[in-house]
Amino acid sequence: MGNPMFSVNPLNDFRSECKKILKESLKKVFPELKIKQLTLKKPPNIELGHLASSICFELAKEKNEKPLKLAEKLVESTDKTKLNLIEKVVSAGGGYINFFADIKKFSALTIEAIRKLNSEYGFVKTDKPQKIIVEHTSVNPIHPIHIGQARNSMLGDALARILKARGHKIYRHYYIDDVGRQTAVIAYGYQKLGKPKPEGKPDHFIGKIYTITSCLIEINRLKKELKRAKTVSAIEEINKINRELDGWMAVAAELKTKFPKLFEKLLEKISEDEDPENMVNELNRRYEKGEEEAKKLVREVSQLCLKGFKETLNRAGVFYDSWDWESELVWSGKVKEVLNKLKKTPYVFSLGGVLEFDADKVAETYNLKRKLGLREDYELPSLTLVRADGTTLYTTRDIAYTLLKFQKCEKVINVVGMEQALAQLQLKIALYALGHGDLAEKLTHFAYNLVTLPGYKMSSRRGRYITFDEVMDEAVKRAYEEVSKRSPQLPEEEKKKIANLVGIGAVRYALVEVDPSKPVVFTWDRVLNFEKNSAPYIQYSHARACSILRKASRKPEKPAYELFKEKIEHEIIMDLASFPDTFIEATEYLKPNMIADFANTLADKFNAFYNALPVIKAEPKELSDARLTLVDAVRIVLRNSLNLIGIIAPERM
RNA sequence: GGGCCCGUGGCGCAGCUUGGAUAGCGCGUCGGCCUUCUAAGCCGGAGAUCCUGGGUUCAAAUCCCAGCGGGCCCGCCA
């Protein structure tokens with residue numbers, strides 16, 4: 001047969017051989033049987049075998065025989081002369097067929113593949129590479145990125161990394177939402193303050209102004225509404241407004257204590273205006289129209305904020321290929337164009353001066369409900385496309401943006417919070433209405449759940465959030481203390497470098513490790529976890545592997561893999577061989593958390609191995625050599641898997 | 001009211017797409033291990049109606065139906 005010297009997917013090689021052998025046996029025992037797809041799984045315990053088939057359970061009924069009897073027959077009829085990677089085949093349990101790998105050959109195949117492919121091991125290339133845009137983060141440039149939004153960045157960046165490793169051409173896009181009322185609010189406040197030079201990090205500075213301005217405008221608006229309600233004595237409405245007002249007054253009090261100077265100044269300046277809310281709306285209208293003065297103002301604020309974002313994201317290891325301004329879509333007429341096309345369809349209607357899009361009708365007409373996973377009797381809400389004052393809404397502009405994205409790629413992945421699921425669905429349906437059903441099918445909403453603070457939701461408008469920056473600061477600080485304590489001999493520069501990649505790694509890991517569909521309650525000890533099931537734990541395992549290799553100070557010359565007799569060694573080899581499988585699955589199902597999980601499991605096993613068995617001093621030397629190659633392979637796979645989720649693997653810590 | 005998502009030891013999670021052998025892991029807890037390659041570590045113990053009830057199946061944490069609990073959405077916000 002002739003084994004190749006190395007393999008891109010050792011487990012798959014073994015699995016293929018098992019399937020082939022099993023198929024031949026089946027053919028021998030049941031010549032008339034037409035064999036469907038065989039799936040082999042890992043038994044719960046490696047002592048039972050490396051792969052197992054449960055086919056006999058299915059066959060039992062049809063053949064009217066006990067599963068175990070069938071398994072025994074099939075095992076007996078295997079052609080032992082054809083076994084290569086397989087050491088033996090046995091029947092077991094109630095009727096499983098278990099395959100044992102030949103440890104010597106399988107280890108050689110796996111370890112040599114890893115050491116040969118090195119930084120490419122595991123990253124099995126797709127046979128249909130695509131151009132894919134991953135749009136992620138896209139935080140509005142009105143306040144710093146908070147820890148909830150950081151989940152978006154971490155997931156989006158990890159997705160981009162794994163898809164790239166899979167062989168796709170990836171473009172990372174940041175959509176700058178500089179159009180809309182929220183941006184007008186911050187621009188208004190910034191102007192009222194006389195366009196001040198930022199104190200501290202610009203996005204943090206902007207964030208304070210935004211929250212205070214937004215709060216003051218809200219209070220002003222509610223007070224007016226209250227007055228109006230009182231003139232008509234609408235009791236229920238008065239109560240409702242009062243409750244809301246109380247809430248905002250509490251926010252105002254909070255903000256006043258936190259930022260007294262800024263608060264006082266903004267209060268004074270905003271009080272000069274009779275109707276600040278209208279000023280904001282006016283500014284929004286002027287910006288959409290592209291009036292020079294408005295453009296200059298809004299862009300100035302946005303740029304300031306973005307400067308802060310870039311600093312934060314670069315620090316976290318997140319970079320982009322393109323920063324797309326939403327305003328460009330409006331000014332270039334792309335939004336208008338889309339709107340005109342939509343108006344020509346039978347799905348757009350005018351209601352009280354606003355333009356509405358009848359998503360339900362489109363879904364009915366094109367028979368989309370089943371396809372989109374909705375019940376037939378579910379009525380989709382309509383989508384407002386244009387306000388009474390002629391300005392557009394976010395999703396309207398997003399339709400134009402989506403079409404623009406598809407000019408550059410074949411597939412779009414939007415990393416957007418789960419709470420926007422309906423809007424993302426309406427966007428998709430709008431594409432069908434425009435005759436771009438083909439594109440709609442290549443548009444993926446990668447949804448993730450909220451990060452909440454214990455007891456309450458984060459709210460940018462209320463200034464209640466924990467910033468990504470402060471979380472990273474705290475994590476790096478803690479990592480520094482830890483490194484200083486554990487490795488005082490290291491030079492200061494190196495300690496800082498390690499603290500940085502460990503601290504940030506911890507934060508990244510904490511945010512990708514959980515299934516995106518599950519909510520995360522932010523607690524400091526969760527993100528600052530430096531013990532098991534954390535990036536530092538995996539990084540530490542990697543550093544330990546490096547340390548062994550460093551101290552060995554010799555190349556493994558004659559590794560004798562047949563000397564791997566320990567269960568833990570076999571388990572590690574199996575894990576290492578499985579990495580390509582895990583990678584492919586994580587990529588195809590868009591599950592970056594699988595990678596985190598894999599790395600953690602491998603680190604666990606490696607630490608158990610580290611503790612139980614000597615490497616450098618193992619006897620005979622051929623075993624020591626074999627273990628050295630195993631350690632080297634673990635080192636490579638830990639590093640590769642960490643890199644996939646944007647975490648750096650240090651050689652010392 | 002309707003839609004989407006989640007529900008696994010005291011707490012936090014994995015497993016569910018593709019049903020299969022004793023349901024994995026972390027925190028906490030109890031007890032051990034630094035004169036041997038970094039103790040950010042390792043080993044062992046205690047601890048589970050896999051939300052409930054039906055159904056499908058030789059086999060259900062996993063698939064289907066109904067219900068319960070929690071979150072999110074249903075805006076001329078994003």
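Numbers restart at 1 for each chain; the letters A, B, ... are given by sequence-line order, proteins then strands. Keep in mind the model is a prediction, meaning the values are calculated, not measured. Quick note: numbers below take in every heavy atom, side chains included, and nothing from hydrogens, waters or symmetry partners.
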I want to verify a distance call: between [options], whose nearest atom is closest to the [X] side chain?
X        : options             : result
A:Lys591 : B:C73, B:C13, B:C16 : B:C16
A:Tyr540 : B:C72, B:C76, B:A39 : B:A39
A:Lys457 : B:C77, B:C73, B:C43 : B:C73
A:Glu585 : B:U18, B:U38, B:C76 : B:U18
A:Glu419 : B:C72, B:C77, B:A14 : B:C72

Check the distance between [N]'s [atom2] and [X]'s [atom1] and give it to me in whole angstrom.
X        : N     : atom1 : atom2 : result
A:Phe530 : B:G41 : CZ    : C1'   : 16 Å
A:Asn593 : B:G12 : CG    : C1'   : 15 Å
A:Lys42  : B:A14 : NZ    : C1'   : 14 Å
A:Leu59  : B:G20 : CG    : P     : 18 Å
A:Asp515 : B:C13 : CG    : P     : 10 Å

> What pairs with A:Lys41 under side-chain contact (heavy atoms from CB on, under 4.5 Å), at least two apart in sequence or on another chain?
Replying inline: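 Listed in chain order: nothing, the list is empty.
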>> Give me each pair satisfying salt bridge (charged side-chain N to carboxylate O under 4.0 Å, His left out) with a member in residues 539-552 of chain A, each pair once, sequence neighbours excluded.
In response: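 The answer is none; no pair qualifies.
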> If you look only at pairs with a residue in residues 590-616 of chain A, which of them pass as a salt bridge (charged side-chain N to carboxylate O under 4.0 Å, His left out), with sequence neighbours excluded?
Replying inline: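 As it turns out, the salt bridge (charged side-chain N to carboxylate O under 4.0 Å, His left out) pairs with a partner in residues 590-616 of chain A, which skip direct neighbours, are A:Lys532-A:Asp604, A:Asp575-A:Lys605.
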How is [X] classified with respect to the nucleic acid when contacts are heavy atoms under 4.0 Å: base, sugar-phosphate, or nothing?
X        : value
A:Ser517 : sugar-phosphate
A:Pro519 : sugar-phosphate
A:Tyr589 : base
A:Val354 : base
A:Gln420 : base
A:Arg397 : sugar-phosphate
A:Gly417 : nothing
A:Ala543 : base
A:Arg652 : base
A:Ala388 : base
A:Val521 : nothing
A:Ala52  : base

> Do any of residues 494-501 of chain A sit with a heavy atom less than 4.0 Å from RNA chain B, and if so which?
Replying inline: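 Nucleic-acid contacts, sorted: none.
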> Of all residues at least two apart in sequence or in a different chain, which pass the side-chain hydrogen bond (donor to acceptor under 3.5 Å, both in side chains) check with A:Asp581?
Replying inline: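 Partners of A:Asp581 under the side-chain hydrogen bond (donor to acceptor under 3.5 Å, both in side chains) test: A:Asn9, A:Arg15.
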With rounding to the closest Å, how many angstrom separate the [atom1] atoms on [N] and [M]?
N     : M     : atom1 : result
B:G70 : B:C76 : P     : 29 Å
B:C16 : B:G28 : P     : 28 Å
B:A48 : B:G24 : P     : 14 Å
B:C50 : B:U62 : P     : 10 Å
B:C58 : B:C11 : C1'   : 38 Å
B:U57 : B:C68 : P     : 28 Å
B:G9  : B:C51 : C1'   : 15 Å
B:C27 : B:U52 : P     : 27 Å

>> Quiz question: going by heavy-atom distance under 3.5 Å, is there a donor-acceptor pair between the base of B:A21 and the side chain of A:Asn98?
In response: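 By the distance-only test, yes, there is a pair.
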> Is a side-chain donor or acceptor of A:Arg461 paired with a backbone partner of A:Cys215 at a separation under 3.5 angstrom?
Replying inline: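 Side chain of A:Arg461 to backbone of A:Cys215, a donor-acceptor pair under 3.5 Å: no, none is there.
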>> Quick check against the 3.5 Å criterion: does A:Asn152 have a side-chain atom that pairs as donor or acceptor with the backbone of A:Thr137?
In response: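 Here the side-chain-to-backbone pair exists.
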Side-chain donor-acceptor pairs under 3.5 Å in residues 42-50 of chain A, sequence neighbours left out?
unit_1, atom_1, unit_2, atom_2, d
A:Lys42, NZ, A:Ser578, OG, 2.8
A:Asn45, OD1, A:Glu47, N, 2.9
A:His50, ND1, A:Ala101, N, 2.9

> Got a sec, which pairs hit ring pair (Phe, Tyr, Trp, His ring centres under 6.0 Å) with one end in residues 523-548 of chain A, sequence neighbours left out?
Replying inline: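 Checked against ring pair (Phe, Tyr, Trp, His ring centres under 6.0 Å) - neighbours excluded - the pairs reaching residues 523-548 of chain A are A:Phe522-A:Trp524.
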>> Would you say that more than 12 heavy atoms from the other residues, nucleotides or ligands in this model lie under 6.0 Å from the CD of A:Glu481, or not?
In response: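 Correct, the count exceeds 12.
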> Across all strands shown, which nucleotide pairs with B:G69 by Watson-Crick or G-U wobble geometry, both distances under 3.5 Å?
Replying inline: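 Answer to the pairing question: B:C6, which forms a Watson-Crick or G-U pair with B:G69.
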Could you work out, with salt bridge (charged side-chain N to carboxylate O under 4.0 Å, His left out) as the rule, every residue matching [X], not counting sequence neighbours?
X        : value
A:Glu364 : A:Lys369
A:Lys63  : A:Glu32
A:Arg635 : A:Asp632

> For the residue pair A:Phe57 and A:Tyr96, is the inter-centroid distance of their aromatic rings smaller than 6.0 Å?
Replying inline: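 Aromatic pair counts; centres sit under 6.0 Å.
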> Shortest non-hydrogen contact from A:Met653 to A:Ser487?
Replying inline: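 So the minimum-distance heavy-atom pair works out to O-OG, 3.0 Å.
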> Which letters describe nucleotides 24-37 of chain B, given B = protein heavy atom under 4.0 Å from base, S = only from sugar-phosphate, - = neither?
Replying inline: --SS--------SB
> When you check every protein heavy atom under 4.0 Å of nucleotides 56-66 of chain B, what one-letter string (B, S, -) results, 5' to 3'?
Replying inline: --B--------
> Strictly by modelled atom types, are A:Tyr401 and A:Glu326 linked by a side-chain donor-acceptor pair under 3.5 Å?
Replying inline: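 Not at all, the side chains of A:Tyr401 and A:Glu326 share no donor-acceptor pair under 3.5 Å.
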